[in-house]
Amino acid sequence: MGRSIETPAERPEVVPRPVSFRHAASSSRFTIRRQGANIEFRHEETGLSANIAAFVGSGLHSRTPVHRKPNGKFAELPLSQYAERGGYWAMSPGFDRADHSGMRRELSDGCIFCHAAYPSSERPLAAIDCQRCHGPGEEHAQSRGAIVNPAKLAPARKLEVCLQCHLETGGRDSPAAIRRVGRKPFSYRPGEPLGDFQLYFAAENPMDAGGIPVNGAGSGLLASVCYQRSGGKLGCTTCHDPHGVRIAAPDAACANCHARPHPENRGSCVTCHMPKRRTHDAVHVVMTDHRIRRQRPSGDPTAPAREKHGVFSGPVLLSYPPVFDPVPEIRAYLGIAAGSAPLLANGLAAMPQPPAAFLFELGRLESSRAERSFRRALAADPHHGGARLALAEWLIARKRPTEASALIEAAPAQDVALMNAHAVALVSEGRVDEAVLILNRAVLADTWDPLTHYNLGVAKLAKGDRDGAARDFQRALQLRPDFTQAREHLHEVRPGAR
Ligand code: HEC
Ligand code: HEC
Ligand code: HEC
Ligand code: HEC
Ligand code: HEC
Ligand code: HEC
């Protein structure tokens with residue numbers, strides 16, 4: 001964990017010679033090569049390139065390179081290095097599809113929460129450190145003040161020190177954790193009940209029933225009979241040294257509770273009861289099944305697999321914490337997790353003053369009837385940028401651009417998405433010059449946003465500037481090769497252009 005983030009300078013042995021990888025599904029070739037102190041990542045078809053800022057992952061299983069976009073945000077790169085079979089490069093988890101997100105998929109606060117130290121302006125992306133398990137240490141270092149010693153916590157709180165990062169109950173395409181309203185992304189502190197920070201949901205009928213996810217240790221252990229029947233005596237540190245790398249003798253842990261269960265079965269207990277399995281969400285890695293089961297899964301659980309994609313729908317359950325007061329709030333969260341407007345509305349109806357965040361989510365689920373919920377969200381919190389943007393886009397889609405631009409002008413923002421919505425509204429109102437001004441500001445704020453370039457192209461086209469428009473559509477396509485509308489517009493202004 002202390003090597004969960006590394007820089008190319010810390011790992012000079014990565015990429016000793018140039019890498020060239022062809023991805024058939026997206027008709028792309030990616031190359032990676034060292035250039036002095038830097039490592040350059042390049043999409044050959046479009047010429048888009050960036051220097052690798054860091055690797056997410058110690059390399060024990062894999063390394064996913066990230067670059068820093070001009071707007072300061074880190075974004076995942078589409079290729080990762082996997083440790084299996086002596087090491088090879090292949091698509092990053094989730095990217096093996098025709099319409100992958102190229103070099104744009106930003107590392108969210110959620111990714112950083114689990115893969116890194118608490119971020120600061122000096123260290124925006126650094127490896128996991130002592131504070132993530134022991135709490136902020138500044139006071140402790142200065143005056144030997146309070147620090148959390150997990151050994152002294154109640155069993156559930158101690159387990160949650162690890163679960164804060166090692167619990168994942170949903171998959172890439174199904175419901176997962178929802179941070180509770182009012183909590184900031186990095187505000188969880190060891191020792192605090194994890195359920196006060198976020199709630200975990202799971203599909204009643206998971207799409208990948210039976211398989212294990214890449215981050216499955218926590219949910220696996222919680223589902224084990226050994227855990228459920230041992231009254232808090234089984235935790236991660238029963239088997240793992242939190243400060244070490246490898247487990248010395250996992251079988252010794254079993255022997256604590258199971259003395260000679262079946263002498264006829266020789267060999268390590270874990271090979272049969274905690275086998276290694278290929279994970280369904282990261283198909284190039286093999287992990288340990290932490291759901292201690294009677295029977296080994298049939299067939300070869302490490303056989304090669306292909307990445308699958310789907311869209312989840314269906315009933316959803318609260319998966320963690322195990323107990324939660326059945327107050328209206330929980331119905332509201334369940335509604336969000338399940339994508340069900342009626343369930344969410346039902347929870348909100350019982351709240352005297354529903355918070356803006358819930359009303360915003362309700363609007364997002366209501367599609368054609370969303371206006372009222374978005375307006376209520378803005379009344380509850382005029383600074384809710386998401387609700388303002390969603391309402392503006394809703395109005396634009398219903399040919400009410402004047403109301404949309406008035407809404408945005410009431411609270412001018414530096415947010416690129418909002419600037420784009422504003423510009424689209426202004427173009428429909430015929431206020432094209434104003435739109436161009438705003439879009440030029442948006443380009444300065446984020447030169448890597450394909451939508452801004454596309455909208456700029458549309459605005460220039462409205463002014464009759466075909467050459468300028470063509471350049472903007474081309475830039476939008478460089479940033480997002482599967483941007484169909486940009487391609488269609490480019491063909492309109494420059495028939496025959498690629
Ligand atoms: C801040 C988030 C975070 C916390 C807290 C955390 N982990 Fe991890 N842990 C990770 C990440 C991310 C990795 C993967 C590191 C890598 O290889 O890049 C990891 C890797 C591991 C590994 C794998 C090492 C290997 O050999 O593959 C073990 C075991 C582990 N953690 C156990 C624990 C235990 C036990 C706790 C609680 C005492 C804990 N973790 C707390 C995020 C966390
Ligand atoms: C709930 C915590 C959590 C969240 C949220 C999370 N990860 Fe992970 N992720 C993990 C853990 C733990 C592993 C397994 C690490 C291990 O044992 O090596 C993992 C595995 C991975 C892997 C496979 C490489 C490896 O070392 O196994 C990649 C790539 C990755 N995560 C990237 C991301 C990105 C990008 C995001 C945000 C979209 C993200 N993760 C969100 C905790 C998390
Ligand atoms: C992945 C979580 C994690 C990280 C990171 C971590 N610790 Fe710990 N630490 C624990 C846990 C869990 C315990 C309690 C172990 C037990 O049950 O005895 C502990 C115990 C301790 C203790 C108490 C003495 C002992 O060995 O029981 C000290 C001191 C300590 N850690 C220091 C550090 C320092 C310094 C760092 C950073 C270099 C660090 N820890 C990083 C989880 C962590
Ligand atoms: C009963 C023993 C046991 C318990 C309890 C246990 N683990 Fe493990 N864990 C293992 C074994 C065995 C391995 C495989 C080690 C190896 O291959 O070197 C492992 C491996 C891991 C890995 C490395 C990736 C993988 O899956 O191979 C992570 C991460 C991990 N454990 C996290 C946790 C967390 C978090 C907890 C608590 C929720 C936990 N473990 C509880 C036995 C245990
Ligand atoms: C903290 C104590 C504890 C530890 C450590 C532990 N178990 Fe268990 N295990 C239990 C308890 C309690 C049960 C339930 C027994 C019962 O109800 O008869 C159980 C049940 C089982 C079962 C039956 C599961 C089922 O679905 O019926 C298996 C298999 C098993 N353990 C294997 C292991 C293995 C292998 C290890 C080491 C990797 C291990 N256990 C570690 C306490 C533990
Ligand atoms: C060669 C594979 C294999 C090995 C090695 C193995 N087991 Fe098992 N174990 C099994 C199978 C299969 C069962 C289920 C038997 C059944 O359901 O009739 C089982 C059942 C169990 C049970 C449940 C017993 C019961 O009566 O309910 C426990 C506990 C257990 N094993 C623990 C261990 C421990 C601890 C070790 C290591 C000392 C170990 N096993 C090694 C295959 C193995």
Side-chain angles (χ1 to χ4, degrees), residues 1-4 56-63 82-84 93 113-115 127-128 132-133 150-151 153 155-169 177 190 194 200 210-298 301-302 319-322:
M1 284 176 271
R3 295 201 282 113
S4 63
V56 174
S58 64
L60 215 47
H61 299 280
S62 76
R63 282 193 183 94
Y82 297 97
E84 274 196 315
F113 181 85
C114 291
H115 283 274
I128 294 167
R132 294 307 311 270
C133 297
L153 296 172
R157 296 292 86 76
K158 182 176 172 185
L159 184 65
E160 288 172 348
V161 170
C162 312
L163 293 185
Q164 62 170 309
C165 304
H166 285 281
L167 181 59
E168 210 161 302
T169 53
L194 189 55
Y200 295 78
I212 64 165
V214 65
N215 182 15
S219 53
L221 189 72
L222 293 177
S224 295
V225 174
C226 304
Y227 169 77
Q228 290 168 354
R229 303 236 182 110
S230 59
K233 283 203 279 297
L234 183 57
C236 310
T237 49
T238 312
C239 299
H240 293 286
D241 170 0
H243 306 128
V245 178
R246 290 274 145 172
I247 308 183
D251 291 0
C254 318
N256 281 333
C257 302
H258 302 289
R260 293 172 58 80
H262 45 43
E264 71 284 6
N265 283 334
R266 307 243 175 107
S268 167
C269 322
V270 296
T271 51
C272 292
H273 293 292
M274 298 182 73
K276 301 263 185 244
R277 304 176 66 172
R278 190 160 300 283
T279 68
H280 58 66
D281 49 357
V283 294
H284 300 285
V285 302
V286 162
M287 295 284 184
T288 306
D289 191 347
H290 278 68
R291 177 166 182 180
I292 306 173
R293 304 167 198 253
R294 297 182 84 88
Q295 302 283 357
R296 228 183 114 84
S298 57
T302 64
S319 159
Y320 194 87

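Remember, it's 1-based here, ligands and their atoms both numbered in the order they're listed. Note that the coordinates shown come from a computational prediction; the quantities given were computed from them, not determined experimentally.
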Less than 3.5 Å apart, which donor and acceptor atoms pair up between the side chains of residues 231-238 and the rest of the protein, not counting sequence neighbours?
| from | atom 1 | to | atom 2 | distance (Å) |
| --- | --- | --- | --- | --- |
| Thr237 | OG1 | Lys158 | NZ | 3.3 |
| Thr238 | OG1 | Gly235 | N | 2.9 |
| Thr238 | OG1 | Gly235 | O | 3.0 |

key: From CA spacing to verdict: side chain to side chain contact (heavy atoms under 4.5 Å, CB included), Val161, Leu153   = CA-CA 10 Å; Val161 170; Leu153 296 172; 3.9 Å; yes

Minimum-distance pair of heavy atoms, taken over all atoms of Thr279 and Ala282 = OG1-O, 2.7 Å

request  = Report yes or no: does His290 contribute a side-chain atom to a donor-acceptor pair with the main-chain N or O of Thr288 at less than 3.5 Å?
outcome  = yes

query = For ligand 6, which atoms, with element, lie under 4.0 Å from some heavy atom of Cys272?
reply = 1 (C), 2 (C), 3 (C), 4 (C), 5 (C), 42 (C), 43 (C)

query = Applying a heavy-atom distance cut-off of 4.0 Å, which protein residues contact ligand 4?
reply = His61, His166, Ala217, Gly218, Leu221, Leu234, Gly235, Cys236, Cys239, His240, Arg246, Ile247, Pro250, Val270, Met274, Lys276, Met287, Thr288, His290

request  = Could you establish whether Arg296 and ligand 6 come within less than 4.0 Å of each other, counting only heavy atoms on the residue side?
outcome  = no

message = I'd like to check which ligand 6 atoms, numbered from 1 as shown, lie under 4.0 Å from a non-hydrogen atom of Arg266.
response = 5 (C)

inquiry  = For Arg132, is there any backbone N or O sitting under 3.5 Å from a side-chain donor or acceptor partner on Gln164?
reply    = yes

Contacts of Arg157 that satisfy side-chain hydrogen bond (donor to acceptor under 3.5 Å, both in side chains) - sequence neighbours left out = Glu160

query = Judging by distance only, is a nitrogen or oxygen of His262 under 3.5 angstrom from one on ligand 6?
reply = yes

Ligand-residue contact atoms, ligand 6 with Gly267, heavy atoms, under 4.0 Å = 5 (C)

query = Do any nitrogen or oxygen atoms of Lys233 come within less than 3.5 Å of a nitrogen or oxygen of ligand 5?
reply = no

inquiry  = If you compare all heavy atoms of Gly267 against all heavy atoms of Asp251, which two are closest, and at what distance to 0.1 Å?
reply    = O-OD2, 4.3 Å

message = Within the 4.5 Å heavy-atom criterion, are Pro190 and Pro150 side-chain neighbours or not?
response = no

ask   = With a 4.5 Å heavy-atom cut-off, do Ser4 and Val56 have their side chains touching?
value = no

ask   = Going by the atom numbers of ligand 6, which of them fall below 4.0 Å from some non-hydrogen atom of Gln295?
value = 12 (C), 17 (O)

note = Here the atoms of ligand 6 under 4.0 Å from any heavy atom belonging to Arg294 are 11 (C), 12 (C), 13 (C), 14 (C), 16 (C), 17 (O), 25 (C), 27 (O)

ask   = Considering residues at least two apart in sequence or located in another chain, which fulfil the side-chain hydrogen bond (donor to acceptor under 3.5 Å, both in side chains) criterion with Glu84?
value = Arg278

